[in-house]
Each structure stands twice: as C-alpha cells, then as structure tokens.
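Just so it is clear: chains get the letters A, B, ... in the order the sequence lines come, proteins before strands, and each one is counted from 1.
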2 protein chains.
Amino acid sequence: MGEVFVLVVRWADGGGQKNDTGWGKRPFPFKNLDISILPCYNATGCIKRQGLIQIMTDKPVRTIADIAELAGVSKSTVSRALSNSPLISEETRERIQAIAQAHQYQINQPARRLSMQQTNTIAFITHGYHKEFSVEDLFFMEMLGAITSALSQKNYDLLLVHVDPYKTDWVHDYLNTGKVDGIILMTSTHKSQHVQKLIEVQAPFIAWGVPVTGANYCTVTGDNLTGSRLATEHLLELGRRKIAFLGGPEKDRETQLRYEGFANALIAAGLQPDPNCVVHGWFSRSCGIEGMNQLLDKEPNIDAVFCNSDFLAMGAIDVIRERGKRVPQDISVVGYDDISLAQYSNPPLTTVRQNINESGRLLVNNLIQYLETGIVTNVSVPVKLVVRESTMPG
Amino acid sequence: MGEVFVLVVRWADGGGQKNDTGWGKRPFPFKNLDISILPCYNATGCIKRQGLIQIMTDKPVRTIADIAELAGVSKSTVSRALSNSPLISEETRERIQAIAQAHQYQINQPARRLSMQQTNTIAFITHGYHKEFSVEDLFFMEMLGAITSALSQKNYDLLLVHVDPYKTDWVHDYLNTGKVDGIILMTSTHKSQHVQKLIEVQAPFIAWGVPVTGANYCTVTGDNLTGSRLATEHLLELGRRKIAFLGGPEKDRETQLRYEGFANALIAAGLQPDPNCVVHGWFSRSCGIEGMNQLLDKEPNIDAVFCNSDFLAMGAIDVIRERGKRVPQDISVVGYDDISLAQYSNPPLTTVRQNINESGRLLVNNLIQYLETGIVTNVSVPVKLVVRESTMPG
DNA sequence: ACAAGTCGTGCAACCGGTTGCAGGGTTATT
DNA sequence: AATAACCCTGCAACCGGTTGCACGACTTGT
C-alpha cells in the first residue's frame, strides 16, 4: 500500500462547518491518482453545485465496497444511496451515484437476488407443436412478443423455457431454485397436466386459458363465448344457414365455450346446431384439412364454416377449393385469433381478433400483482370480429 | 430444542467396525420424527445396501446447511457430495444425495451463481421489425426454437431480450451484472451498431451473420455465396435469362455476398448482371411488393427473380400476379431461408434452405466454447436449394 | 513401533449485495 | 445548559452456496 496520505476535501461552495468532511477523516489508500472536478446534478438535472471529487485509480470498481472506499463511506451507505433510500442525505446520495456512474458500476444481480430473495425474472413456459418453433406457433410467438414488452416495462426479465408437453418435471428446475419469481404458462396441448402439477406444488403462476373449475389460480383468456357468437352472427347476417363448426380438441375448455357461443347464436336465429356439421381436432392447418374433408363428406351443402383457429381456416380453404368450390362465394370461412398471417392469407381471413397485446400485458401485470399481494385474478379479454374477404366478396 | 437424544445407527448389513458411524457420534437435534429405512442405490441403480436413516421433521429442508444437519456432516461435505466431487467417499455421497432427494432439495441458484461467478444463462438479443413479433419475424422465431433446444441440452437457460434497434444501452443491463454469461446477437437492422458496441465493451458474444472484416468475434452465418449461386444456377438451368435480384439492404454483408454469388453464376453462364434488374430494400413482404414493382417498371420482360428472403418472394409473387403474369410460367421466383411458411405459400416457394437447427446448435456450442476457452470461431453453415412450384410448374 | 502417505472431512473465508439496530452529531425544546 | 428528538451513517449479521487449507484417521512401508 506504500505511504499513507491524508486528503482534506474543501467543497467548492466552501465555508461553514463542512470544510473537512468526506475523505478528510480517513487515511488515503491510493497512489496513482487523477483528481477531477465533476458537476453534481440535482433532481431536475441542473448543475447544483460543483465540488465532487472523483478519484480515478487503476483499481477497477466492481463492488459497492469499492465505491464505499472511494467515497469514504460504508457499504451500507452506498447500498442505500444507490437504491435511493430516504435514509441517506441528498448530498451523499448524489455524490455516490455520481461516482458509481463515473466508474460505470453495475450491480451484481446474483448477490442482490440472494440477499433479496427475489429475481425480477419470470419464466415463460411453452412448447412447439413440433420439436422446433414453426409458423404454426405464431400465436404463441406473438403473445411472447407482447409479454416481453410488458415485462420490460416492469423491469422484469424473461426466461424462455421450452418443455416437453408430456412431462412436468421441468417444474423442479424453476421452482424453489431462485431462478424465477413466477411462471407464465402457455401450452396448448396437455395444458391441464401442467396446471395440475403447478397447483400441486403451489407454484406462483398464471396461465393462458379458461380456468379449471374449482381450482384457484390466475388466468387470462380471450372471451370465447362472445368471439364465437360474433363470428356466427356475422355468418347468419350474410344469409348463411348451413354453418359448420371446425373446432379444437373436444375436451378443451376454450373449444367448448366457442361451441356454446356458436350454438347459442344459431338457436337465437331459430336454427338448430347439426351434429353432422361439427368436427374436432387440433388447431393446426393439417387438422383443418382433415376436418373440412370430413365435414364436406357428411354435408356437401355447407355454406359457411366457423374455424377455431386461423390455421384451421387456412387448411379448410385449401380443401374447399380443391373440391371445386369458391371462398367466399360458395362457402364463407371465419378463423380465430387474427394472427398477423391472417391478413396475408388468400383470401384475407375474416377472423375473431384476440387482443394479444392487452392479453400479454394482463398476463404480466396480474402475475406480478399475485406475487406481491396474493390476489388471484381471472380475466376474460374482449375480442373483436375482423371482416375480410373470406366471408364477403371484396 | 428440548431434550437431547443420541441415536446410534447400526447398518442393516451390520458387523465390522462401522457399527456406530453416522449419527452415532452427535447429539440429536430433533423431536418429532418419522424414521424409515430407505434403500441405498449404487451407480448401476441396484440396491446396494439397506440402512439409510431418513429423518423427517417438521422443519423444511431448503439449504445445504439443513441437509448437513440431518446427515451429521458439514456444509462443505454436502456441497461436495451434491456436485459429485471425488473428494467425498461413495458412501457419504450416496447417503447425502438420498437425503436431498427425499426432501426434494433444490439448490439456490443465486447463491451458487454468486459463489461461482457463473450463471449458466445466455441472453438472446433480438427485436421485431415491428414493435411486437409478427409473422415477419418467423426466421428469428425458428432460430430461437433451435437455440432453446441446443441450450437446454447444455443445461443452459435462455433469457429473451427484446431491444430497440436504434439503441445499444441494453448492453449495460446484461454485461457485468451477472445476469448472463454470454450473448447471442441476432438483429437484422442496425446490426453493426450493436456489434460495434459489444466489441467496444469486450462482451462475450456470438452473432448471427457475416463478421465485420478486421474484427475478432464469433459468428455463425449461412453460406450466402453458395446459396445464391445454387438459386441462380437453378433458374439458368430452367432456361431463364433475364433474372432479377430482389435484395436486402445494400450495405448488408449478407446481401452483398448473395449478390456476388448471383453475379458470379450469371457470368459463368456467359451473361452480364444488369443494373436495371437489381433492387435493394429490407427483407419484408412490403419491400418485396415495392421492389418487384420497380423491377417490372424498369424491365417488363424479366423472366425470373431471386429474392433475398421468403417474405420478399411472397410480396413479389403478389405483384407479378396483379400485373397479369403467372408464377412460375411467366416468371420464376426463388426465395431465401425456407421458413416453415414457404411450403404453404401459393405457389409453394422454391427457396434456399438455411439449416436453422444446425445454425442454432452452432451458435450455442461455439459461444459456450468461447466462454470456456476464448477460442473465436467463424462458421459458415451449408445451405441447400429446395425446389417447389414457384420455379417449376407442378 | 514409528514415519510417511492417502483419504475423507471440517473450518472458515469468500462471492456481493441488503438491512435491523446502535450510536454520534445536530437541531429543537424547556 | 441540559435534554429530547431527529437525521444520517456504520457495524455486523445474513442470504446460500463454493473452496483452499488444515487435520485426524487409517493404510502402508521399514
């Protein structure tokens, strides 16, 4: 350490009893120094006072202890100053923050997380229909984008976790490990197993979709009942009478609600839902192809079809055309979700728009609210019918 | 703590000098107990010996100190046993691991990360063309899927970071904060600024794309030269002679290389690239529309177009048809990337397939290799021409 | 029997933050 | 002038792991 210096600091605005604060009372530990005067800003960003001593040594500043040494204060004071604790005087706080900034100090997150038992990170759990992501996962992708935006506004990070839909052992890697504070669950297949497991281990999570009845956990979902009603009423208004339902999995709650809204709209118009005009499958394009073929085999004179996803609709349109009919002249097609691809489809799809941005925002905000307060929310986000050429000639 | 018990343990395989090991030598700290015999497994999964005492108390087991107390050993021993250190005897290791498993112990990651100065997490940096993800980001999405898979095989987590393409201040949030060990950079617009910044601050990163000449950092890219050559040769073999180039940004290295491969193929066939048949823009569908209109305005008798992305190709096809020409009969169209959407396009796209899975794997493995060894790699991943109906009548 | 070597374990420091509590200095009160 | 109140700041413990080093027990060699 070589010789010991004592540095007496005299503030530029001098006078009074503060003449020898700061370094004045401590032995000075460094040798090679640059000393420069830094302006000191107040809350409004104006220069309030000149007089900060910035000490630049060859020793890198990585920890609050380093800053404490430079500023001649204790670790606690630095910690408090950097987190804007009201315990610290404005003067000290500004000085310490200026030093931190001058040395490009970055807080060590693992240390902070260990100490605070909080990570400001959430896990987004999903899986592809296939091993990798593909266009069929577009809805998830768009939701992921919305969630990422919402999280960054809240100063949270997002850990992306790709899971095997058949296994729930991923839970142990992210629960009680301090990797994340909470979980956003968004898997379409086998969702119930994952939800079950999360409830079982009392994980802090929120799920996309209709809540399992009786269970008490946070959810956000689109308004399926209204969405399907709007779509069906639109088709009825166009004069369609033989309307088919090309649905998702039969045991899927969303699908059940969409069927309910569909059937209600038919009944309200004095029609009866025809079992021959209903098929179920996944939400994929290939199931759209398969399902539409089944429907037309059973009921060749269908004049409209309400599909539970945009991909189902695209598959259906291909089948309809292959079979020599026209969309929308012979058969009107409505999709669901309004993924960004829907408008580029041929013809552009009439579809029920899920409010993806709002849903992502709610997933984030309600999860964080749950983490902070324990309040369980179940939200249904409004949807909107977007009319394009797949139901009405352009 | 109440009374003090001394529990003498006699192993089930008894005898010898080991009769009173384990708890035998220590005062016993608990009151409410369930004591049960657990089988103890050896490395091959067979029961090796019965005789482990499992102690279940009302006190939850959350830390290695808890396990240490239960096992009657020190924290160090537990830490070493759980990480399979060779310093620990097989017997002790098995006993401790069994206790940990029985109590569903999960290691505290922030503590481990703080201690080891390593997080086993990498950041994936990207941005949407738009504020949110949309179908136009599909290439990124598919790459993200491949990277996620590769990372989970390496036992790494992925932090998804959405950045403003015009700003590089995100760097400070993830560098020297202990949030991540390394960065995978994958932004298409303004990539060079981000690369520049990362080099400047000496960040451990790998980037998708051709390396800036002179700079020394890890990269993975598709083989642009070969890709564009294959595409062009394919069009030439079909007898096309007036081939247009619908490119990405003119200053983009990938685009430059693709132009080079394109021009070389033309020259090798005895043709000259025609400046009137070249336009540049972004990789988006809307730029495809704009660019194709420009091309046809300047050269109405174009008979093929090589597009630098699948979205450019889709936009181009729409324009060609709108202008009363047919694809592929009048104009053959080739895309680039082979995103999963390309095969569903109308007509299905002939395109240059980027090996996304392999590229993702390389991004991950080479980054980790760099982190461990400092070895800088620059890889070019082979591409492949996929012929579909947009160039040849079906 | 004793010295050297090996093996397994414990001690204590360390990673870099946060925070309850104590206490010194200054100002307000009587 | 003495006392109380208040405002800052420092001390030290704590979060939950990892690891260098010391040391005791047991094995081996002579």
Side-chain angles (χ1 to χ4, degrees), chain A residues 16-26 60-96 100 103 105-120 176-179 181, chain B residues 16-18 20-26 60-69 71-96 100 103 105-120 176-179 181:
Chain A
Q17 296 160 322
K18 294 206 174 159
N19 275 357
D20 50 345
T21 50
W23 276 103
K25 302 193 179 156
R26 297 175 171 269
V61 175
R62 312 196 108 338
T63 73
I64 56 170
D66 296 334
I67 295 181
E69 203 173 14
L70 285 180
V73 297
S74 70
K75 270 172 62 180
S76 338
T77 301
V78 175
S79 172
R80 292 187 176 112
L82 293 179
S83 57
N84 290 314
S85 160
L87 282 178
I88 300 298
S89 70
E90 193 188 346
E91 187 183 309
T92 309
R93 176 157 38 83
E94 284 173 2
R95 186 162 59 97
I96 289 174
H103 291 274
Y105 166 76
Q106 293 298 134
I107 200 169
N108 181 304
Q109 290 295 338
R112 169 169 235 265
R113 290 172 180 180
L114 171 60
S115 183
M116 302 195 70
Q117 309 277 67
Q118 200 198 335
T119 62
N120 274 50
N176 299 328
T177 59
K179 281 185 179 179
D181 296 334
Chain B
Q17 296 161 322
K18 295 207 173 159
D20 50 345
T21 52
W23 276 103
K25 301 193 180 160
R26 295 176 172 270
V61 175
R62 312 194 107 340
T63 73
I64 56 171
D66 296 335
I67 294 182
E69 202 173 14
V73 297
S74 70
K75 270 171 63 179
S76 338
T77 301
V78 174
S79 172
R80 292 187 175 112
L82 292 180
S83 58
N84 290 313
S85 160
L87 283 178
I88 301 298
S89 71
E90 194 187 346
E91 189 182 308
T92 308
R93 176 157 40 82
E94 284 172 3
R95 188 162 58 96
I96 290 174
H103 290 273
Y105 167 76
Q106 294 297 134
I107 200 171
N108 181 303
Q109 290 293 339
R112 167 170 237 265
R113 289 170 181 183
L114 172 59
S115 183
M116 302 195 70
Q117 308 277 68
Q118 202 200 334
T119 63
N120 273 49
N176 299 328
T177 60
K179 280 186 178 179
D181 296 333

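- Atom-to-atom distance recorded for B:Ile67:CD1 and B:Lys75:NZ is 12.5 Å, nearest 0.5 angstrom.
- For the OP1/OP2 pair of D:dC8 and a distance below 4.0 Å, the side-chain nitrogens and oxygens of A:Thr92 include no atom meeting the criterion.
- Across the protein-nucleic acid pair, A:Glu94 atom CD and D:dC8 atom C1' stand 16 Å apart, rounded to whole Å.
- Spacing between atom NZ of A:Lys179 and atom P of D:dG16 amounts to 18 Å, rounded to whole angstrom units.
- Atom CD in A:Glu90 sits about 15 Å away from atom P in D:dC7, given to the nearest Å.
- Rounding to the nearest 0.5 angstrom, the gap separating the OG atom in B:Ser74 from the CZ atom in B:Arg80 is 7.5 Å.
- Rounded to whole Å, atom P of D:dC7 lies 17 Å from atom CD of A:Glu91.
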Find every protein N or O atom lying less than 3.5 Å from an N or O atom of nucleotides 17-23 of chain C, and list the pairs.
| residue | atom | partner | partner atom | Å |
| --- | --- | --- | --- | --- |
| C:dG17 | OP1 | A:Arg62 | O | 3.3 |
| C:dG17 | OP1 | A:Tyr105 | OH | 2.9 |
| C:dG17 | OP2 | A:Ile64 | N | 2.8 |
| C:dG17 | O5' | A:Tyr105 | OH | 2.9 |
| C:dG17 | N7 | A:Lys75 | NZ | 3.0 |
| C:dG17 | O6 | A:Lys75 | NZ | 3.1 |
| C:dG17 | N2 | A:Ser115 | OG | 3.2 |
| C:dT18 | OP1 | A:Arg112 | NE | 3.1 |
| C:dT18 | OP2 | A:Ser79 | OG | 2.4 |
| C:dT18 | O4' | A:Ser115 | OG | 2.6 |
| C:dT19 | O4 | A:Ser76 | OG | 3.3 |
| C:dG20 | O6 | A:Arg80 | NH2 | 2.7 |

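- Residues meeting the side-chain hydrogen bond (donor to acceptor under 3.5 Å, both in side chains) test with A:Asn120, sequence neighbours left out: A:Gln118.
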Tabulate below the donor-acceptor pairs under 3.5 Å that side-chain atoms of residues 107-116 of chain A make, not counting sequence neighbours, or state none.
| residue | atom | partner | partner atom | Å |
| --- | --- | --- | --- | --- |
| A:Asn108 | OD1 | A:Ala111 | N | 3.0 |
| A:Arg113 | NE | A:Thr119 | O | 3.3 |
| A:Arg113 | NH2 | A:Thr119 | O | 3.3 |

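- When the C1' atom of D:dC14 is taken as reference, atom CG of B:Leu114 falls 12 Å away, rounded to whole Å.
- Straight-line distance from the CD atom of B:Gln109 to the P atom of D:dC15: 18 Å, rounded to whole Å.
- Shown here for B:Tyr105 and B:Ile64, the closest heavy-atom pair between the two residues is OH-CG2, 3.4 Å.
- At least one side-chain nitrogen or oxygen of B:Gln117 sits closer than 4.0 Å to the OP1 or OP2 atom of C:dG16.
- Look at CZ on B:Arg95: it is 12 Å from C1' on C:dT9, rounded to the nearest Å.
- Shown here for B:Ser79 and B:Ser83, the closest heavy-atom pair between the two residues is O-OG, 3.0 Å.
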